[in-house]
Amino acid sequence: YHFVTKILVFYLVIYWVLRLPTKAEQWGLPVLLLLAIAASAVPDIRALLANPAPLQTGQLNPLFLWLVFLAMTLLGCVMVRPLTEREEQGRSLQMARDGLLLLGLLLGYVGSKLAMAKFGICPWLFPIYFAIAIAFSMHLFGVISHPQFVASLKRVPWVWKAIAGLSAISLEVYLVHIQMLKWPQWQRVPFPGNIFVFFAVSVLVAYCVHRVALVVQAESASE
């Protein structure tokens with residue numbers, strides 16, 4: 001649950017960033033963070049150059065990982081715009097262009113991950129892997145939050161409700177996935193059926209956890 005710890009700390013930073021008076025100042029902090037990330041990556045780059053080995057991202061120095069997650073969190077915050085402001089900017093969503101860009105970034109992410117983590121090819125270039133991941137996340141966020149894309153989803157009510165429901169329990173899904181992956185029962189279900197069973201059960205368990213959390217919150221608020 002290392003990311004949950006980071007989220008709790010980042011909430012304090014986010015509160016301060018969103019109170020900055022201008023968007024330029026809000027974007028300035030992530031830019032400074034990216035420079036700090038580059039500097040914090042130097043020790044691991046030197047170590048991997050001296051002793052090449054398959055990349056294990058969890059073994060990178062904690063400062064680098066904290067700064068990467070903080071940068072991604074802040075970039076997500078400053079990217080948020082009201083839908084009316086997005087529409088005034090006049091940037092239309094082009095599915096072919098944006099879809100190809102997303103596919104290219106996804107292939108770059110998967111390819112760099114396999115090369116560095118599985119085959120041990122140039123693991124010291126791990127900042128590029130993280131940069132691709134951040135670029136993919138930002139562009140994906142920009143696409144799925146675009147008014148045109150949102151409007152197309154709302155035209156199919158069950159799809160919109162399913163997405164809204166999953167987004168409401170996303171943290172709970174993250175929490176239960178870590179524990180449920182350890183269960184040996186998944187190996188008894190033939191592949192790829194175990195993937196679908198795991199998804200269905202984990203969503204159900206996450207929903208139950210979400211409902212329990214809502215009850216606890218309601219009781220705490222009434223005290």
_The test is side-chain contact (heavy atoms from CB on, under 4.5 Å); show your working for Ile37 and Phe130 and say whether it passes._
CA-CA 10 Å; Ile37 289 170; Phe130 280 96; over 6 Å; no
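With sequence neighbours left out, the side chain to side chain contact (heavy atoms under 4.5 Å, CB included) criterion links Val197 to Trp186, Val189, Val201.
The shortest distance between side-chain heavy atoms of Phe199 and Ile195 does not fall below 4.5 Å. When side chains are defined from C-beta on, Leu33 counts as touching Leu70, because their heavy atoms get closer than 4.5 Å. Put simply, the side chain of Val212 does not reach to within 4.5 Å of the side chain of Val209, judged on heavy atoms.
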Side-chain donor-acceptor pairs under 3.5 Å in residues 158-173, sequence neighbours left out?
residue, atom, partner, partner atom, Å
Ser167, OG, Ile163, O, 3.3
Ser167, OG, Ala164, O, 2.7
Ser170, OG, Ser167, O, 3.2
Glu172, OE2, His210, ND1, 3.0

Taking distance alone, no hydrogens or angles, what donor-acceptor pairs closer than 3.5 Å link side-chain atoms of residues 48-63 to residues at least two apart or in another chain?
residue, atom, partner, partner atom, Å
Asn61, OD1, Leu63, N, 3.2
Asn61, OD1, Phe64, N, 2.8
Asn61, ND2, Ser40, O, 3.0
Asn61, ND2, Asp44, OD2, 2.6

Please list, one pair per line, the donor and acceptor atoms closer than 3.5 Å that link side chains of residues 101-114 to other protein atoms, with sequence neighbours excluded.
residue, atom, partner, partner atom, Å
Tyr109, OH, Tyr129, OH, 3.3
Ser112, OG, Gly108, O, 2.8
Ser112, OG, Tyr109, O, 3.0

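In terms of heavy-atom proximity, Met116 sits nearest to Cys122 at CG-O, 3.8 Å. Contact detail for Ile45 and Pro127: the closest heavy-atom pair is CD1-CG, 3.9 Å.
Within the structure, side-chain hydrogen bond (donor to acceptor under 3.5 Å, both in side chains) pairs that include any residue of residues 118-128 do not occur (at least two apart or interchain).
Hydrophobic clustering, with ILVMFWY side chains joined whenever heavy atoms are under 4.5 angstrom apart, keeps Leu100 apart from Met138. In the hydrophobic clustering of ILVMFWY residues, with side-chain heavy atoms under 4.5 Å counting as a link, Val143 and Phe136 come out together. The same ILVMFWY cluster, assembled from side-chain heavy atoms under 4.5 Å apart, contains both Met72 and Val9. A single hydrophobic cluster is not seen to contain both Tyr174 and Leu214; linkage of ILVMFWY side chains at heavy-atom distances under 4.5 Å, directly or through other members, places them apart.
Residue Val42 belongs to no hydrophobic cluster, having no ILVMFWY side-chain heavy atom closer than 4.5 Å to its own.
Enclosure of atom OH in Tyr207 is not indicated, since only 12 or fewer non-hydrogen atoms of other residues, nucleotides or ligands lie within 6.0 angstrom.
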